[in-house]
Amino acid sequence: MKKKLAELLESALAACTGEGLLEAGNLPYLEMELTKDSAHGDYASNVAMVLASRVRKNPRQVAGIIREHLSDPDGILEKTEIAGPGFLNFFVKEDRWAALLAEVDSQGERYGAVDLGKGGNVMVEFVSANPTGPLHIGHARGAVVGDVIARIMAAAGFAVFREYYINDAGNQMHNLGRSVFFRYRELLGEKVELPENCYQGDYIKDIAAEILKRDGDGHRNADEKTVVPLFTDYAARVIMEGIKEDLREFGVTFEKYFSERTLYENDGVAKLLALLEEQGFVYREENTLWFKSTAFGDEKDRVVVRRNGEPTYFAADIAYHKNKFSRGFDTVIDIWGADHHGYIPRMAAGIQALGYDKEALRIVLVQLVNLLRDGKPVAMSTRSGEFVTMKEVVDEVGRDAARYNFLMRRSDSHLDFDLELAKRQSNENPVYYVQYAHARICSIIRTAAERGYAVPRYEDVDVGLLKLAEEIQLIKAITRFPEVVEGAARTLEPHRLTFYLNDLASVFHSYYNKNRVISDDEGLSRARLFLVACVRTALGNALRLLGVSAPEKM
RNA sequence: GCGCCCAUGGCUCAGCUGGAUAGAGCGUCAGACUACGAAUCUGAAUGUCGCAGGUUCGAAUCCUGCUGGGCGCACCA
């Protein structure tokens, strides 16, 4: 509906400029928004006011000119009004709303999908944690946000590719191998003191025990330099398998796990550096190689090759992004922990040096999670290995509650996650509110079936019977869904879906409590049954976008 | 010291690239099941949108300064 009205408005504006009445130059962003107050009609636009200053006319006068050029070939509009300082208010004919449900019925599971992407290729890279230990609660939020953004982009008409970048090169991995090696020797009866930078968690001991079981004590007196890589490889593989399994149980999957190491093995980093050098974006100083990120707005230049000759993580990361774009993605979305925000300017500089548009890389920051139990903070310390893992959280509160809770706020704002609250099956827990609405509708449909009513198709219903104010409101809420999907895709803001779901469920519950769906009036019963089935479709599709189940019974 | 993010009822948060009377949920108070599921609904109270200026027809939203909080400022990843 929004789209249709926007089109009417657009052609009206075109007509005005055509007659030379409004020389506005570039048309502004066309705003058409739902009104908060029904006295202002159904939709309203502020174009007249935006245009007024440009054409140096009174806003209401401009609105008048636009209104005169408005044509409504399909007869959607009841009337239009000019109100307040110059708003154009659109009143839609009441019987036009119900007709929109035809789309819901015909599209079914696909309802809500839009074509914002027009088939463009998008990569979403997320989680990307070091395989040095199991994923913890913070990773869980990033995992859900990335996963849902990927689902939203797919629904918005993009071809989506999900990737996990395995940081399996560098010091951390070496520390991992050493940690396991130390525990291995400990198991053989040696008294060992774990160095400061080693990983302490129990899972390290488990891996050490596995190696001991497999290889015996053969590594006992081996030279650390030669044997640690073996431990590193083994541990990384085991941990990575665990990570994949935990993610799968959380409903998060990837098309590809991309190993940082392969960048070195295929000379990706070396080639990248050569390319940057060729193009004059790097310079040498005191035996280190610097990337001129200041040329692209970064606050200082960054080291890409250290004094000891080893490339930095940053160098590999540029090479990785070059690799991403070379695989044909138009847009690359990175989901990062908010503590990496300082890294954005240099990464943006990196891709610009490679000749890619700054806009082609979009970075979504995910803030930290405050884990609580009954309102009290849960102590966590990664170093000592005392942390609550993602798996523990999902096992304890369930996949649906965990996912939904992570999506209830903007991803760049801090989130309190209360384990007890997330587990509680009460009105304090918003997941159930939405799921309950879905289950309730399923229950109505079951009851209807017992009384001989199947859910009718649009063609077999007199939607004209749906004319209560609450019914129009419900239809509006249903038909807003594709707009929400588009907005969420445009801004990469998954939380819009949870707010939408909450709103739709609320309108439905209210309607349900006030009106009977199944009554003695057969025609009305069928129309209402159709209406609530459409609500179910919207709820179900939106929940699916969040990776949250839509239960038929609870 | 520099940079980024945040500040909205008692609490937790929305507020859609500036719009009409700032909205939800929780909590509080008062009500609604002989009818399709009460994990629900109806109603009430609660605000100097951190503070001070500025931009304009119009600011929670944009700009400047200040206060208070978070994060970042590696030849770590």
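Convention: sequence-line order gives letters A, B, ...; per-chain numbering from 1.
Note: Tyr512(A) and Phe508(A) have tilted aromatic rings, judged against thresholds of 30 and 60 degrees for the angle between ring planes. Between Tyr313(A) and Tyr343(A), the ring planes lie tilted relative to each other; the angle falls in the 30° to 60° range.
Comparing A22(B) with C16(B), their C1' atoms are spaced 14 Å from each other, to the whole Å. C49(B) and G9(B) have their C1' atoms separated by 10 Å, given to the nearest Å. Between A14(B) and A7(B), the distance separating the two C1' atoms is 15 Å to the nearest Å. Spacing of P atoms, A60(B) relative to G23(B), comes out at 13 Å, to the nearest Å. Spacing between G68(B) and C2(B) at atom P, rounded to whole Å, works out to 15 Å. Nucleotides A77(B) and G10(B) have their C1' atoms positioned 43 Å apart, rounded to a whole Å. Distance check on atom P: U40(B) versus G25(B) gives 11 Å, rounded to whole Å. Separating the P atom of G65(B) from that of C71(B) is a span of 23 Å, rounded to the nearest Å.
Of the two residues contacting RNA chain B, namely Arg496(A) and Gly170(A), the nearest-nucleotide position lying further toward the 5' end is that of Arg496(A).
Of the inter-residue distances, the one linking Arg424(A) atom CZ with Asp374(A) atom CG reads 6.0 Å to the nearest 0.5 angstrom. Going from atom CG of Asp412(A) over to atom CG of Leu492(A) covers 11.5 Å, rounded to the nearest 0.5 Å.
The distance between atom CG of Asn58(A) and atom C1' of G58(B), rounded to the nearest whole Å, is 14 Å. Look at CG on Leu504(A): it is 16 Å from P on A24(B), rounded to the nearest Å. Atom OH of Tyr500(A) and atom P of C13(B) are 25 Å apart (whole Å). Rounding to whole angstrom units, CD of residue Glu428(A) and P of C13(B) are separated by 16 Å. Spacing between atom CG of Leu88(A) and atom C1' of C57(B) amounts to 16 Å, rounded to whole angstrom units. The distance from atom CG of Leu365(A) to atom P of C6(B) is 11 Å, rounded to the nearest whole Å. Per the geometry, NE2 belonging to His495(A) stands 13 Å off C1' belonging to A24(B), to the nearest Å. At whole-Å resolution of the value, CG in Asn46(A) and C1' in G18(B) are 9 Å apart.
For the pair Thr35(A) and G19(B), the criterion of a side-chain N or O lying under 4.0 Å from OP1 or OP2 is not met. A sub-4.0 Å separation between OP1 or OP2 of C57(B) and a side-chain N or O of Arg60(A) is absent. Not one side-chain nitrogen or oxygen of Lys36(A) sits closer than 4.0 Å to the OP1 or OP2 atom of G23(B).
Residue Asn308(A) qualifies as enclosed at atom CG: its count of foreign heavy atoms under 6.0 Å is above 12.
For Ala477(A), the side-chain contact (heavy atoms from CB on, under 4.5 Å) partners two or more places apart in sequence, or in a different chain, are Leu504(A). Shown here are the side-chain contact (heavy atoms from CB on, under 4.5 Å) partners of Lys358(A), two or more places apart in sequence or in another chain: Ala348(A), Gln352(A). Checked against side-chain contact (heavy atoms from CB on, under 4.5 Å), Pro494(A) has the following partners two or more places apart in sequence or in another chain: Val145(A), Val148(A), Ile149(A), Ile152(A), Leu407(A). Residues satisfying the side-chain contact (heavy atoms from CB on, under 4.5 Å) test with Lys4(A), not counting sequence neighbours, are Ile76(A), Leu100(A). Remark: Phe499(A) engages His495(A) in a ring-ring contact (aromatic ring centres under 6.0 Å, His included) (not counting sequence neighbours).
C33(B) shows a glycosidic angle within 90° of 0 and is accordingly assigned syn.
Within 4.0 Å of Tyr313(A), counting heavy atoms only, lies at least one base atom of the nucleic acid. Residue-level contact check: Glu33(A) touches the bases, meaning some heavy atom is under 4.0 Å from a base atom. Ser519(A) comes within 4.0 angstrom of no nucleic acid atom, judged by non-hydrogen atoms across all strands. No engagement by Pro430(A) is indicated, since no non-hydrogen atom pair under 4.0 Å with the nucleic acid exists. Asn89(A) comes within 4.0 angstrom of a nucleotide base, judged by non-hydrogen atoms across all strands. Residue Asp503(A) is out of contact with every strand shown, counting any heavy-atom pair closer than 4.0 Å.
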Reading nucleotides 33-43 of chain B from the 5' end, what letters show protein touch, with B for base, S for backbone sugar-phosphate only, - for no heavy atom under 4.0 Å? --BBBSBBSS-
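Shown are Lys476(A), Arg480(A), Lys36(A); of these, the salt bridge (charged side-chain N to carboxylate O under 4.0 Å, His left out) with Asp42(A) is made only by Lys476(A).
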Can you list, pair by pair, the side-chain donor-acceptor contacts under 3.5 Å of residues 125-133 of chain A, counting residues two or more places apart and other chains?
{"from": "Glu125(A)", "atom 1": "OE1", "to": "Lys324(A)", "atom 2": "NZ", "distance (Å)": "2.6"}
{"from": "Glu125(A)", "atom 1": "OE2", "to": "Ser128(A)", "atom 2": "OG", "distance (Å)": "2.7"}
{"from": "Ser128(A)", "atom 1": "OG", "to": "Phe126(A)", "atom 2": "O", "distance (Å)": "3.3"}
{"from": "Ser128(A)", "atom 1": "OG", "to": "Tyr165(A)", "atom 2": "N", "distance (Å)": "3.0"}

Sort me out a list of protein N/O and nucleotides 72-75 of chain B N/O pairs below 3.5 Å, or just none if empty.
{"from": "C75(B)", "atom 1": "O2", "to": "Arg307(A)", "atom 2": "N", "distance (Å)": "2.6"}
{"from": "C75(B)", "atom 1": "N3", "to": "Arg307(A)", "atom 2": "NH2", "distance (Å)": "3.4"}
{"from": "C75(B)", "atom 1": "N4", "to": "Arg307(A)", "atom 2": "NH2", "distance (Å)": "2.6"}

Atom pairs under 3.5 Å, N or O on each side, protein against nucleotides 9-12 of chain B: can you list them with distances?
{"from": "U12(B)", "atom 1": "O2'", "to": "Arg409(A)", "atom 2": "NH2", "distance (Å)": "2.2"}

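Evaluation of the salt bridge (Lys or Arg N to Asp or Glu O under 4.0 Å) test over residues 521-535 of chain A, restricted to residues two or more places apart or in two chains, returns Glu471(A)-Arg528(A). Within the structure, the side-chain hydrogen bond (donor to acceptor under 3.5 Å, both in side chains) test picks out the following pairs touching residues 282-296 of chain A (sequence neighbours left out): Tyr283(A)-Asp301(A), Thr288(A)-Trp290(A), Ser293(A)-Asp298(A), Thr294(A)-Asp301(A).
Contact of the Pro85(A) side chain with the Met49(A) side chain is registered, since non-hydrogen atoms from C-beta on lie closer than 4.5 Å.
Using a 4.0 Å cut-off between a side-chain N of Lys or Arg and a carboxylate O of Asp or Glu, Glu396(A) and Arg373(A) qualify as a salt bridge. Taking the charged nitrogens against the carboxylate oxygens, Asp416(A) and Arg409(A) have no contact shorter than 4.0 Å, which rules out a salt bridge.
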5'-to-3' dot-bracket of RNA chain B (Watson-Crick, G-U; under 3.5 angstrom; crossing pairs as [ ]; | other strand): (((((.(..((((.....[...)))).(((((.......))))).....(((((..]....)))))).)))))....
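Judged by centroid separation below 5.5 Å and plane tilt below 30°, Phe87(A) does not stack onto the base of G19(B).
In this structure, the nucleotide among C13(B), U21(B), A20(B) sitting nearest to the side chain of Ala83(A) is A20(B).
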